[in-house]
Amino acid sequence: MADVNKMESHTSSPAKLLSYADKDQTLMTVLQYLRENNLEETAAVLRKEAKLSDSNLPAPTTQSQSSSAVSHALAAYKSSDDPSIYDDVYSDLKAFIDSCLDVHKVELSTILYPVFIHMYLELIYNNHGQHAFQFFQRFSRDQEKYHEPDLARLAAVQRREHMENDQMMETFKSSRFVIRMSRDSYTHLKRHLQERHMTLLINMIQEHLFIDVFDGVPRNQDQIQATSGALLGDAEKEANKAKVFYGLLKEPDLNVPLEDEDEGEGDGDGTGKPKKKKAKKDPLLMKKSKNDPNAPQPTRIPLPELKDQDKIEKISAFREALKRDKLNAEHLPSICFYTFLNTSQGVTCVDFADDSSMLAVGLQNSNIRVWSLVPKKLRSMKSAMELEIIDKEADDVLERMMDDRSATEFKILTGHCGPVYAVSFSPDRSNLISASQDGTVRLWNLVTWTNIVCYKGHIYPVWDVKFSPHGHYFASGGQDRTGRLWSVDHYQPVRFFVGHLSDVDCVQFHPNSNYVATGSSDRTIRLWDVLSGNCVRIMTGHKGAIHCMSFSSDGKYLASGGVDHLVIVWDISNGTAVAHLTAHTGIVYTLCFSRDGTLLATGGMDNSVRLWDLARVMEEQDPEADSNMPSSLNVNSNPALLLGTYYTKSTPVLGLHFTRRNLLMGCGPLAMQS
Amino acid sequence: MFSDKMASNAKSTPRDAQVMAAILKDMGVVEFEPRLINQMLEFAYRYVTDILDDAKVYSQHANKKNLDTEDVKLAVQCRTDQSFTNPPVRDMLQEIARQKNSQPLPAIKPYGGPRLLPDRYCLTAINFRLKSAKKPVSQPRIQFGLPSQQRISLASSGKGIVKNIGGSGGQSLTMVPKAGGVSGAVSAGQVTIISKPVVATPKPTIRINTGQTAGIGASGLAQMVTQSATPSSSFPSASSLLSSGVLSSATSLPASSVLPPSTSGPTISFNPLKRKAEDDDYDA
């Protein structure tokens, strides 16, 4: 008797500490302890007193590794059953982190958010709805502000059944949250957890978190903030290790007849000595054709060969480029802005042709309108009857085949069944591709102004589509979380880019057409290799969905903008952020690099176009920074990078485009005052 | 601002609408059009009735007297699979991606012109079929003899002429002047009637607008392209082709239709502006 009493008093203290509600459970555990310590006699007495039958005894747990058998036995039962310890464990973790050295504190505090999520999910999973609710109420306010949308979604999940159907829950349960931590902080944390025998936390961390440990100095608050924000934490070190060929493709050798009769400028005797001038200008071309170690082989992916038409186009583009305005911080571009009237409810997307001659607009009523921005009107091809009689061998057959009677300022293309969310011109301006909410991507021919092909693959709304800079390929991204690469002459995609955890909101080709960048609602940007379909870069740092991306003309940098009003410039070679441009007060919907890569223009819902000094960003970039050391990440967020802000009256900016001569063109729908 | 309005009308809005507004507020939606509450109410009502209807069917099928929670659960599950589908699961996507990405990128055929998919996948294909006419006619017909290997086809606007591919051999065209008021004039003219034996394949019905009735729309305007010259002369355009042919043979015929020689029977009441039959608008 006395023994039993002593036993009970001994075990009552841990019971009180851990606030057991269920008395039977306590007894079970006590019995378990007694059996483990070979106190069979006492156990029998206890059993008799408590009137427990033998069958109620659970099998003894055979794996007890921790030092104290009591706590282990207790914890083994509690980890999935007693909801009240979650609160305590979480508060304890918080207290521990607060007590750490400052150096470790910021790094370790990144662990609180995933722990919070998974504790909440475990409580829901084990049907402790009430406790889960209280837990959520108590600790959700401590989380970072940019996690609010995710937490709102989490709050809607209140039962186990809800968990099964929700996409986001599936992501949390199946993938692991990635946290990058320095080795010192990690050992600190591990030691603490083991000292306190918090098996609950240890198990949770092992299952749901992936702590990517790096050797080095712990990161400071700014650096952590710079890369946090993605749905499942930061990018792992391994994710950004692959080599990316970010250089431009070798330009084909074109015999550029530089001095023509219609070249008004240039020396008077230029026409007399064309050969000499050509030799002088050649070094410009020669520079590009030197072997760039960072450039992919021209045959790495099959690209269409240049037709005569394309060569002529290239030559004229080159000539235009020579007349280009040189932009820098002192010499800003002029901005020419097109405003759409009477379509404020309807305009969803815009695209400018590369030579700035046409503007395509996708509308919510499923139409596409194409305007001509030059005095020359849009004409369609003659009918079949009339085409028969023209002379096909004539030099200007391409002119003769157009029907001048059909020349209009704009043309309407009808065919989609839902709002058109993206339009993109092909580089030779003969085709237009459009993506819509009806899940299809349609190819339109701009000579006959008819719909040629309907690509069905995404069944869910397609949010973005873009033609490759070399034509023939186009990429699309939609709600089904995939990006797809299509070829114009295949009715099925040729590549699938699978990996994003949420909708793919925007896609963009690299200037060398070998890589496709996709931005998603899971707040990461992924760079995919067209050849293999693998993801070669994951870039985190945005705190909201990403809406627009653009590569610099030399292919080394990628700029992205999104819902968090932030524009981030990334260095593709190592996948790190180079600059955070903060000044916009609304969602950033469009951005465009100037043709020489010195300026970046961004525009968005705050009715403004802003110009940023990219030349300075590239200058100020630290060349000695070691990309392997996360702690050496230095993100430029100098407010002086903003060179100018230009407001429209009440027109959100939906599209920006630098012409070949560096004139900035913008467009947007007039927003009605509500 | 709409949510403020809702709050001020709190007493006057029905309870369900208040519940909807509370849901929106809980989910963090701050601004919304007032129509949204109505839409949500409609959706909720429709969803619940659908589920209960389905559940009733299931419980009857299981020979139960009353509705059960299990029936409702089954109904909910079936509906979710049907209407509220989620995008494919990541594992499946990864599998597809792995398969597809392992294939090399397809090579590009050189000198392809506008590189397009086979016609089957493009939208440029002809999406109509010429229909055989079942209308019997008994007037004297003018044999408009054309050599075999002749096929009349309709050309779509601007997409390419479907040139005459040889139809069933021995096909011939006949023109039947419309009866009715002008029968007198017709019978005054020539009367060659030759009925060729009919081949079983459906013969084309071609409606030719001689240009005087502009009622038939542009799409219905048959441009007849003939490969070989007809007996009359060279024809710059379709309408003039037949108008010259027609006018040379008959007097004022507002419209004529070309029918295969095999039919015979009661005449059709003649009104050039009226649709000839219920399916005359479409040729397929």
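Throughout, protein chains are lettered first and strands after them, A, B, ... in sequence-line order, and every chain is numbered starting at 1. All values below come from the heavy atoms of this structure, side chains included, with hydrogens, waters and symmetry mates left out. A quick note: this is a predicted structure, and the numbers were derived from the prediction, not measured.
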Kindly check if the number of other-residue, nucleotide or ligand heavy atoms within 6.0 Å of CZ (R79(B)) is above 12? yes
What is the distance from atom CD1 of I96(B) to atom OG1 of T482(A), rounded to the nearest 0.5 Å? 9.0 Å
So what's closer than 4.5 Å to chain B heavy atoms on Y491(A): side chain, backbone, both or neither? both
Count the heavy atoms of every other residue, nucleotide or ligand shown that sit under 6.0 Å from CE of M605(A), and state whether that count exceeds 12. no
Portion of R495(A) that has a non-hydrogen atom of chain B nearer than 4.5 angstrom: both
More than 12 heavy atoms of other groups within 6.0 Å of Y45(B) OH: no
So for atom CZ, which belongs to F133(A), do other residues, nucleotides or ligands contribute more than 12 heavy atoms lying within a distance under 6.0 Å? no
Below 4.5 Å, heavy-atom pairs only: which of H490(A), H500(A), R484(A), R153(A) has the largest tally toward chain B? H490(A)
Chain B contact via E148(A) - side chain, backbone, both or neither, heavy atoms under 4.5 Å: neither
Most chain A-contacting option - heavy-atom pairs closer than 4.5 Å, from A107(B), P106(B), S102(B), P104(B): P106(B)
So, N101(B) side chain and F496(A) main chain: donor-acceptor pair closer than 3.5 Å or not? yes
Do you know which of V89(B), L105(B), D26(B) has the most heavy-atom pairs under 4.5 Å to chain A? L105(B)
Would you say CD of Q137(A) has more than 12 non-hydrogen atoms from neighbouring residues, nucleotides or ligands within 6.0 angstrom? yes
Less than 4.5 Å apart, side chain to side chain, heavy atoms only: is that true for V498(A) and R98(B)? no
K56(B), NZ atom: more than 12 neighbouring heavy atoms under 6.0 Å: no
Name of the residue among L443(A), V453(A), N451(A) meeting side chain to side chain contact (heavy atoms under 4.5 Å, CB included) with C122(B): V453(A)
Can you establish whether the number of heavy atoms outside K64(B) located under 6.0 Å from its atom NZ is more than 12? yes
Should we count CG of D308(A) as having more than 12 external heavy atoms under 6.0 Å? no
Heavy-atom pair of closest approach, residues S175(A) and R90(B): OG-NH1, 3.1 Å
Measuring heavy-atom distances to chain B, does S380(A) have an atom under 4.5 Å in its side chain, in its backbone, in both, or in neither? neither
When rounded to the nearest 0.5 angstrom, what distance separates CG in D480(A) from CG in L93(B)? 6.5 Å
Kindly determine whether V494(A) and Q103(B) satisfy side chain to side chain contact (heavy atoms under 4.5 Å, CB included), including the steps that lead there. CA-CA 8 Å; V494(A) 295; Q103(B) 293 163 9; over 6 Å; no
Can you check whether E305(A) reaches I108(B) side chain to side chain, under 4.5 Å on heavy atoms? no
